[in-house]
S.K.: 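One structure, pasted below without further comment.
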Amino acid sequence: MKYSPFYQQSIKQPETFWKEQSEEIAWYKKPNNILTKDENNYPLWFEDGELNMCYLAIDKHIEDGFGNQTAIVFDSPVTQTIEKYTYFKLQEEVAKLAGGLQSLGLKKGNTAVIYMPMIPQAAFAMLACARLGVTHSVVFGGFAPAELAIRIDDCKPKIIITASSGIEIDRLIAYKPLVDEAIALAAHQPKKVVVLNRKFGAKVPFKKWDVDYAALVYGSDPVACVPVSSNHALYILYTSGTTGKPKGIVRDTGGYATALQFSMKYIYGVAPGEVFWAASDVGWVVGHSYIVYAPLIHRNTTVIFEGKPIKTPDASTFWRVISEHKVSVMFTAPTAIRAIKKEDPDGDYIKKYDLSCLRTQFLAGERCDIATIEWYKKQLDIPVIDHWWQTESGWPMIAIMMGVEPLLVKFGSAGKAVCGYSIHIFDENGKELAPNEEGYVVVKLPLPPGTMLDLWKDYERFESGYLKKFPGYYLSGDGGYIDEDGYVFITGRIDDVINVAGHRLSTAEMEEVVSSHPQIAECAVVGVHDTIKGQIPIALIVTRTDTIMEEFQIEYEIIQLIRNKIGALASLKNVIKVDRLPKTRSGKTLRKLIRSILDKNIITIPSTIDDETIVEEIKEKCQAYFASKSIA
């Protein structure tokens, strides 16, 4: 199969193309209306179809004779636990939990919030909701009570499903007090809170609305899957918004199932029965799509990993999991690989494991620097695919489609447009730009199946944020360019472009240059206010663990690198060494926060931050750096 004709068919004949793909999943009622529009004139897929996502993920495989195949491997280095669940066992757990939730009054059309760590029961809860036709909203375990309360008030859950605790490397985080505080803060009051007691000694204060998870499952009968319409909201997933109020991305069922099945076969190139590992969290879109729903729909074994790439116990953890569970294809964020590279720059841990099972490594979450990809390829010599998508899309938008044609990988590019996505580059006025000209990354409507349906009860915000700027096109919010061969290069968020004395410069491009220095493990470049030039770039760097080079020497060499690769006009003159960068729990660098610290603006700490103590840490490092400069 060749990429180009396959892709072109999806763009020129979308209804024919996606009708064919929809036949790869089992419907209770097959759709006749393939592409229609809703009351707001926004495209809808498979409007008159009926199905159930949980049936596709579990029951269908049992009916086909694969009940004894391992569906989930739970690997938890933080609790020294490995558990395996067959499709039979998964069906028992999910169907009985669904029966218990039904007995508490949860039914089709209701919403439920899931606030759990990376454990199998988080996936069971998602699938149980899907089984009943209940719209779930997974909130990352450990989120602050105020943020959880905002989400409770927005989606108004009838039930919250939580656990007694999560574990962050070696620290026990009690979840139940956080949930109780969030309920106290929220205007909306859920009817029940289902609590899984992990029995690790965390405080579990009892409230009158509490229900024990284990007792509920034990005392309940299994229930069958409830048919839902194709455009039934499977889930709401909140992502950060520019106004401070999170945006509730709404995902449909039929289009999503079709797209996920398609992506496993044609993008990730995995066969049913193989082991697929997305090293992420169920609280993020990667976890929804590629820990839970896509692998299970496609009858793969999925890995649920409760740990970190380093410190659980060390930088060998990923390689152990891959080797021990025979992972064929893996997906993680670049920050995880950078963390491993920092701790084990020569790949000594890698050499200890048989990794011949691993065929392809996919990266996403933020743009991966070339130095990290080159390091990985040097260590393992397998394809490393840096692909691009968003919470809004739900599945990849730009990639090398390994199941179609393993095209040449161009470092720095996320690949070519995935089937169904008509990617264009526009200038500020909506004019399409020529190859290699940088502008707004937009996608011509209709978006393919599986992408966002709306924002939860806020169409006005959906329209203004994504559709209004360029009518007929979806605004991704990212900048980039397409080269003469059709490869797409994402240069970062639109607001990551800085203006230095009238020159528009990409901080992502500068980061690429800085990270190419052999002593750099990771970096962030941000634009800060300057009274003369408007903005100037400042780099924060984290060096390799084994670095012995003096800081002033590293700074000098990086400044010269920028001058040689970009030019003196970039005006990079300050390189600040820090121990770590501020990040979200999903591994994205918080550049806006760094910018606020350096500009000495009022700092709003985002709810997604991994560790709030880093704010003072970065402040102190920056103050010490500039104090030393003024003395010099």
Side-chain angles (χ1 to χ4, degrees), residues 1-25 34-35 43 45-46 254-271 289-290 294 298 329 331 360 362-364 367 383-390 392-426 432-437 439-452 470 472-476 478 480-490:
M1 184 183 286
K2 291 291 184 182
Y3 162 79
S4 189
F6 193 56
Y7 171 74
Q8 288 301 328
Q9 187 201 357
S10 77
I11 300 303
K12 293 175 180 176
Q13 301 173 301
E15 289 182 67
T16 303
F17 184 90
W18 291 111
K19 181 180 189 298
E20 189 176 319
Q21 298 307 324
S22 73
E23 290 167 358
E24 295 294 311
I25 63 169
I34 304 302
L35 180 59
W45 289 97
F46 316 125
Y256 189 48
T258 301
L260 294 182
Q261 170 79 356
F262 175 87
S263 69
M264 292 300 283
K265 180 178 180 180
Y266 291 113
I267 298 174
Y268 296 107
V270 285
S289 295
Y290 294 106
H298 197 245
V329 177
F331 177 157
T360 318
F362 283 85
L363 301 172
R367 185 171 178 265
V384 181
I385 313 296
D386 185 17
H387 63 326
W388 177 79
W389 50 295
Q390 303 176 311
E392 289 86 347
S393 70
W395 63 289
M397 303 168 79
I398 301 167
I400 299 295
M401 299 182 69
M402 294 300 286
V404 177
E405 182 181 4
L407 297 169
L408 171 76
V409 173
K410 286 193 180 184
F411 287 170
S413 169
K416 294 192 175 186
V418 166
C419 290
Y421 293 99
S422 181
I423 309 277
H424 301 263
I425 308 296
F426 282 0
E432 184 146 16
L433 296 173
N436 299 304
E437 289 185 347
Y440 294 90
V441 178
V442 300
V443 189
K444 189 175 182 180
L445 298 180
L447 297 181
T451 53
M452 67 189 299
F470 302 115
Y473 291 82
Y474 164 83
L475 176 67
S476 73
D478 277 337
Y481 62 92
I482 302 174
D483 74 5
E484 58 283 347
D485 298 320
Y487 283 80
V488 187
F489 293 75
I490 302 297

S.K.: With sequence neighbours left out, write down each residue that passes side chain to side chain contact (heavy atoms under 4.5 Å, CB included) with Ala259, or none if nothing qualifies.
M.R.: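 Once residues adjacent in sequence are excluded, the partners of Ala259 under the side chain to side chain contact (heavy atoms under 4.5 Å, CB included) criterion are Trp395.
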
S.K.: Pair Val443, Tyr473 - check side chain to side chain contact (heavy atoms under 4.5 Å, CB included), show working.
M.R.: CA-CA 5 Å; Val443 189; Tyr473 291 82; over 6 Å; no

S.K.: Using modelled atom types only, decide if a donor and an acceptor are shared between the side chain of Ser422 and the backbone of Ile11 within a distance under 3.5 Å.
M.R.: no

S.K.: Not counting sequence neighbours, which residues clear salt bridge (Lys or Arg N to Asp or Glu O under 4.0 Å) with Lys265? List them please.
M.R.: none

S.K.: Return each pair, listed once, that meets salt bridge (charged side-chain N to carboxylate O under 4.0 Å, His left out) where at least one residue sits in residues 9-18; pairs must be two or more places apart or across chains.
M.R.: none

S.K.: Taking side-chain contact (heavy atoms from CB on, under 4.5 Å) as the criterion, tell me which of Ile385, Ile267, Leu407 meets it with Met402.
M.R.: Ile385

S.K.: So does Gly420 get a backbone contact from the side chain of Ser10, meaning a donor-acceptor N/O pair under 3.5 Å?
M.R.: yes

S.K.: Check Glu405 against Ile400 and note the closest heavy-atom contact, atom names and distance.
M.R.: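 Closest approach of Glu405 to Ile400, heavy atoms only: O-CG2, 4.1 Å.
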
S.K.: For residues Pro448 and Trp45, report the shortest heavy-atom separation together with the two atoms involved.
M.R.: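 For Pro448 versus Trp45, the nearest heavy atoms are C-NE1, 3.5 Å.
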
S.K.: Minimum heavy-atom separation for Val488 and Ser413, please, with both atom names.
M.R.: O-OG, 2.7 Å

S.K.: Is there a side-chain contact between Trp389 and Met397 in this structure, where contact means two heavy atoms from C-beta onward sitting under 4.5 Å apart?
M.R.: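 Contact flag for Trp389/Met397 side chains = yes.
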
S.K.: Side-chain polar contacts of residues 1-8 - donor-acceptor pairs under 3.5 angstrom, sequence neighbours left out - could you list them?
M.R.:
unit_1	atom_1	unit_2	atom_2	d
Tyr3	OH	Ala417	O	2.6
Tyr7	OH	Tyr421	O	2.7

S.K.: Measuring from Glu24:CD to Leu260:CG, what's the distance to the nearest 0.5 Å?
M.R.: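 Reported to 0.5 Å precision, the distance equals 14.0 Å.
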
S.K.: Check Ala399 against Val418 and note the closest heavy-atom contact, atom names and distance.
M.R.: N-CG2, 3.7 Å

S.K.: Can any side-chain N or O of Ser289 pair as donor or acceptor with the backbone N or O of Gly394 at less than 3.5 Å?
M.R.: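 Side chain of Ser289 to backbone of Gly394: a pair is present.
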
S.K.: Tell me, please, which residues at least two apart from Tyr440 pass ring-ring contact (aromatic ring centres under 6.0 Å, His included).
M.R.: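 Checked Tyr440 against ring-ring contact (aromatic ring centres under 6.0 Å, His included); matches are Phe470.
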
S.K.: Donor-acceptor check, side chain of Glu432 to backbone of His424, threshold 3.5 angstrom: yes or no?
M.R.: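 Absent.
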
S.K.: Measuring from atom OG1 of Thr258 to atom CD of Glu20, what distance do you get when rounded to the nearest 0.5 angstrom?
M.R.: 12.0 Å

S.K.: From Ser263 OG over to Met401 CE, what is the distance, rounded to the nearest 0.5 angstrom?
M.R.: 9.0 Å

S.K.: Assess, by modelled atom type and distance only, whether the side chains of Tyr266 and Gln21 contain a donor and an acceptor separated by less than 3.5 Å.
M.R.: no

S.K.: Identify the two heavy atoms, one from His387 and one from Pro396, that lie closest to each other, and give their separation to 0.1 Å.
M.R.: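 Reported closest heavy-atom pair: CD2-CG, 3.6 Å.
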
S.K.: Less than 4.5 Å apart, side chain to side chain, heavy atoms only: is that true for Val384 and Val409?
M.R.: no

S.K.: Go through the structure and list residues passing side chain to side chain contact (heavy atoms under 4.5 Å, CB included) with Asp483, not counting sequence neighbours.
M.R.: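 For Asp483 the side chain to side chain contact (heavy atoms under 4.5 Å, CB included) partners, ignoring immediate neighbours, are Lys410, Asn436, Asp485, Tyr487, Phe489.
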
S.K.: Using side chain to side chain contact (heavy atoms under 4.5 Å, CB included), reason through Gln390 and Asp478 one step at a time and then give a plain yes or no.
M.R.: CA-CA 10 Å; Gln390 303 176 311; Asp478 277 337; 4.1 Å; yes

S.K.: Kindly compute the distance separating OH (Tyr256) from OG1 (Thr451), expressed to the nearest 0.5 Å.
M.R.: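 The distance works out to 11.5 Å.
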
S.K.: Can the ring centres of Phe262 and Trp18 be said to be less than 6.0 Å apart?
M.R.: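 Centroid separation for Phe262 and Trp18: below 6.0 Å.
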
S.K.: What distance separates Ile482 CD1 from Ile425 CD1, expressed to the nearest 0.5 Å?
M.R.: 4.5 Å

S.K.: What's the shortest heavy-atom distance between Val441 and Ile423, and which atoms?
M.R.: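 Where Val441 meets Ile423 most closely, the heavy atoms are CG1-CG2, 4.0 Å.
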
